[in-house]
**Student:** 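Here it is, the structure in full.
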Number of protein chains: 2
Amino acid sequence: MEYIDDGEINLLINGHLHFLKNVSVDNVIFGYHEKELKVLLQRPQGIVKWQLPGGYIKRTETLNEAALRVATERTGLDKLFLQQFRSFGTPHRTFDADFTPELMTKLSGLQISADHWMFDYFVSVCFYTLTEFSLVIPNGSFYMEECQWWPIGELPQMTFDHREMVEEALKALRLHIYHYPVGYELLPEKFTRPEIHALYETILGKSLDSRNFGKKLITTGIIKELGEQKSIGAHRSPKLYKFDKEAYDNALKEMMVLV
Amino acid sequence: MEYIDDGEINLLINGHLHFLKNVSVDNVIFGYHEKELKVLLQRPQGIVKWQLPGGYIKRTETLNEAALRVATERTGLDKLFLQQFRSFGTPHRTFDADFTPELMTKLSGLQISADHWMFDYFVSVCFYTLTEFSLVIPNGSFYMEECQWWPIGELPQMTFDHREMVEEALKALRLHIYHYPVGYELLPEKFTRPEIHALYETILGKSLDSRNFGKKLITTGIIKELGEQKSIGAHRSPKLYKFDKEAYDNALKEMMVLV
DNA sequence: TTATCATTGTGTAAATATTACAGAATGATA
DNA sequence: TATCATTCTGTAATATTTACACAATGATAA
């Protein structure tokens, strides 16, 4: 009782009235900062495993709206670009020895049994999104004890099939980066070549020749030089670039290979 | 009453006990035959609109099993390779002026109202599949009056958001064909070069130079010459080829561009 | 002030891949 | 045996991708 607020109590008791049954959304929120790719995870009260920020779908909202609502709750950001990548559905995917009706009973003070709607077979529609690490203030809530970034190479133990979701999201992101200007969602409006270069290397997890990389992005027209320079603390002032909307749309249509 | 069998009556009355609520699967079944790409659609009793073969998910089966069960019912084939491509979810996506509780009441003889579980908000997880047109015997069933192939360029009026689903499936297929040996699922084990050539031209909806096309598939190792010849009725006996499993897997991993 | 050093920025040649293009060989049929 | 639809193949021009290294900048330290 002490851990859980009214909203959460209400969700447990009346959730099935306001939310769809047997379907939920989960978000793989990638954060990028200083050449590292991280994932935002939360840890429920009372267990040592972590999970993706996810939630139920209101009867009045679309899949995307539901996913965005959940992501906004955890990140404070409301302009995230969410990309659906797969739905997961196997009968026992949300059965976990650590996340039990007993635990929920203890935490909520309510009598939660194994046939409570929350422990039913849920199909999860999954989205991923990218954001600048430093913009986010991870918010726990309800019965979530912690919410924090984890480097993709050092994921903790996770509930359900959430680790597979992260792996699949990363695969999808790496496939998409070849066809869409993914950095558009992630970099500030004006950015330098070393910045976008480091971003691509981090996402793909491999090094890319800096001369060839820049050449390709410029000859395809995806990025354009602004003629301005950034004054950064150390060393030289690099030139600033921006994404070109028109070339971006064109690349999307033509299924161009961008890297 | 007269149109509907016991299974269907039972589905209407007890379906919510055996199936997940608020989630369903829909299949875009592409059939290929003689340089034409078609989609398998069915038409319910009493309305003029067509729809995709779809269905509900049993509490004991996975998403894929559900989709395969539905596809098998309509095609008689049980070896289909189903590819999930997107889930659709907006609150009113299955509201259609032509497909009403009144119609279902009339057809079933039961009292079906707007709050019947079947008319609830359903999130649909969509799959596409490819099959050799001539292997399929389209089966109607339950309250489906017709089940037949429609050329992708001449789709009839369709219920709900099913036309969008077909369009999205086709986009996904055309994207996938650049990275996966899609024909693997569609062509017989041994096939000729003109056969695979025509298949790719049909799926992509554009012509491909026959010399360059063959060269690419052979230099990438995706297809291999068998050293056998096919005896076909007219004219020459073309050489037979087969897909190479190893090169196929490699292409998948490397995200190679195959066409 | 000058030397050092991390960072930024740039060009070319070789290799590879893609494209464009046409006609000869086969074997069934008339 | 002439005709015809179909199968099959090579090369040159062009475009793209890859590999590769050093000079310029300007902050910092000596």
Side-chain angles (χ1 to χ4, degrees), chain A residues 33-35 177-179 181 183 187-188 190-202 204 206-242 247 250-251 254-259, chain B residues 33-35 177-179 181 183 187-188 190-202 204 206-242 247 250-251 254-259:
Chain A
H33 190 62
E34 291 186 353
K35 305 197 181 177
I177 206 177
Y178 284 103
H179 294 282
L187 292 168
K190 299 173 181 183
F191 51 86
T192 68
R193 255 160 76 164
E195 280 171 353
I196 190 172
H197 183 210
L199 169 65
Y200 273 67
E201 285 192 334
T202 305
L204 289 172
K206 65 184 183 190
S207 62
L208 303 164
D209 183 276
S210 63
R211 280 160 294 189
N212 297 335
F213 177 78
K215 218 185 311 178
K216 178 104 189 213
L217 286 180
I218 288 173
T219 54
T220 54
I222 292 295
I223 68 172
K224 289 229 156 44
E225 200 176 317
L226 280 168
E228 304 170 44
Q229 294 202 316
K230 194 176 179 181
S231 263
I232 43 179
H235 316 298
R236 173 126 183 242
S237 307
K239 292 179 192 165
L240 289 171
Y241 294 81
K242 69 173 179 67
N250 193 48
E254 299 285 327
M255 300 198 284
M256 271 166 48
V257 176
L258 301 181
V259 186
Chain B
H33 190 62
E34 291 186 354
K35 305 195 182 181
I177 205 177
Y178 283 104
H179 294 284
L187 292 168
K190 299 173 181 186
F191 52 86
T192 69
R193 255 158 79 162
E195 279 170 353
I196 190 171
H197 183 210
L199 169 65
Y200 273 67
E201 285 192 333
T202 307
L204 288 171
K206 64 183 183 191
S207 63
L208 304 164
D209 183 277
S210 63
R211 279 161 294 189
N212 298 335
F213 176 79
K215 218 185 311 178
K216 179 103 188 211
L217 286 179
I218 287 173
T219 55
T220 54
I222 292 297
I223 67 171
K224 290 229 157 37
E225 201 177 317
L226 280 168
E228 303 170 44
Q229 294 203 317
K230 193 175 178 180
S231 262
I232 43 180
H235 315 298
R236 170 121 184 247
S237 307
K239 292 180 192 162
L240 288 172
Y241 294 81
K242 68 175 181 65
N250 193 48
E254 300 283 328
M255 300 198 284
M256 271 167 48
V257 176
L258 301 181
V259 186

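Chain A is the first sequence line, chain B the second, and so forth, proteins listed ahead of strands; every chain is numbered from 1.
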**Student:** List for me each residue that meets side chain to side chain contact (heavy atoms under 4.5 Å, CB included) alongside A/Ile218, sequence neighbours excluded, and say none if there are none.
**Tutor:** A/Arg193, A/Ile223, A/Tyr241

**Student:** Without decimals, in angstroms, what is the distance between A/Asn212 CG and C/dT12 P?
**Tutor:** 14 Å

**Student:** Check for a donor-acceptor pair, side chain of B/Glu201 on one end and backbone N or O of B/Ser207 on the other, with a separation under 3.5 Å.
**Tutor:** no

**Student:** When you get a sec, tell me which of C/dT8, C/dA22, C/dT19 is the closest nucleotide to the side chain of B/Arg211?
**Tutor:** C/dA22

**Student:** If you measure from NZ on A/Lys215 to CG on A/Asp209, what distance do you get to the nearest 0.5 Å?
**Tutor:** 7.5 Å

**Student:** D/dA24 phosphate, OP1 or OP2: any side-chain N/O from A/Lys239 under 4.0 angstrom?
**Tutor:** no

**Student:** Partners of B/Lys190 by side chain to side chain contact (heavy atoms under 4.5 Å, CB included), sequence neighbours excluded?
**Tutor:** B/Leu226, B/Glu228, B/Leu240

**Student:** To the nearest Å, how far apart are A/Glu225 CD and C/dG9 C1'?
**Tutor:** 11 Å

**Student:** Just compare D/dC20, C/dT19, C/dG9 and give me whichever is closest to any side-chain atom of A/Pro194.
**Tutor:** C/dG9

**Student:** Kindly point out which of C/dG9, C/dT19, D/dT9 is positioned nearest to the side chain of A/Pro238?
**Tutor:** C/dG9

**Student:** Do the non-hydrogen side-chain atoms of B/Phe191 and B/Leu199 ever get within less than 4.5 Å of each other?
**Tutor:** no

**Student:** Can you tell me which nucleotide in D/dT7, D/dC20, C/dT10 comes closest to the side chain of A/Asp209?
**Tutor:** D/dC20

**Student:** How close or far is atom P of C/dT18 from atom CG of B/Leu208, stated in whole angstroms?
**Tutor:** 13 Å

**Student:** How long is the line joining CZ of A/Phe213 and C1' of C/dT10, in whole Å?
**Tutor:** 16 Å

**Student:** With a 4.0 Å limit, can you tell me whether B/Lys216 has a side-chain N or O closer than that to the phosphate oxygens OP1/OP2 of C/dT18?
**Tutor:** yes

**Student:** Does A/His197 reach the main-chain N or O of A/Thr192 with its side chain, forming a donor-acceptor pair under 3.5 Å?
**Tutor:** no

**Student:** Roughly what angle, to 10°, lies between the helix axis at the start of the helix from C/dT1-D/dA30 to C/dA30-D/dT1 and the one at its end, five pairs per end?
**Tutor:** 0°

**Student:** Quickly work out the B/Ile196 CD1 to D/dT6 C1' distance and round it to whole Å.
**Tutor:** 18 Å

**Student:** Would you give the length of the straight line joining atom CG of B/Leu187 to atom CD1 of B/Ile196, rounded to the nearest 0.5 angstrom?
**Tutor:** 5.5 Å

**Student:** Specify the separation, in whole Å, of atom CD1 of A/Ile218 and atom C1' of C/dG11.
**Tutor:** 14 Å

**Student:** So what does A/Lys215 hit on the nucleic acid, given a heavy-atom distance under 4.0 Å: a base, only sugar-phosphate, or nothing?
**Tutor:** base

**Student:** Given atom CD of B/Glu195 and atom C1' of D/dT6, what is their separation to the nearest angstrom?
**Tutor:** 13 Å

**Student:** Could you state the CG-P distance from B/Leu240 to D/dT7, rounded to the nearest angstrom?
**Tutor:** 12 Å

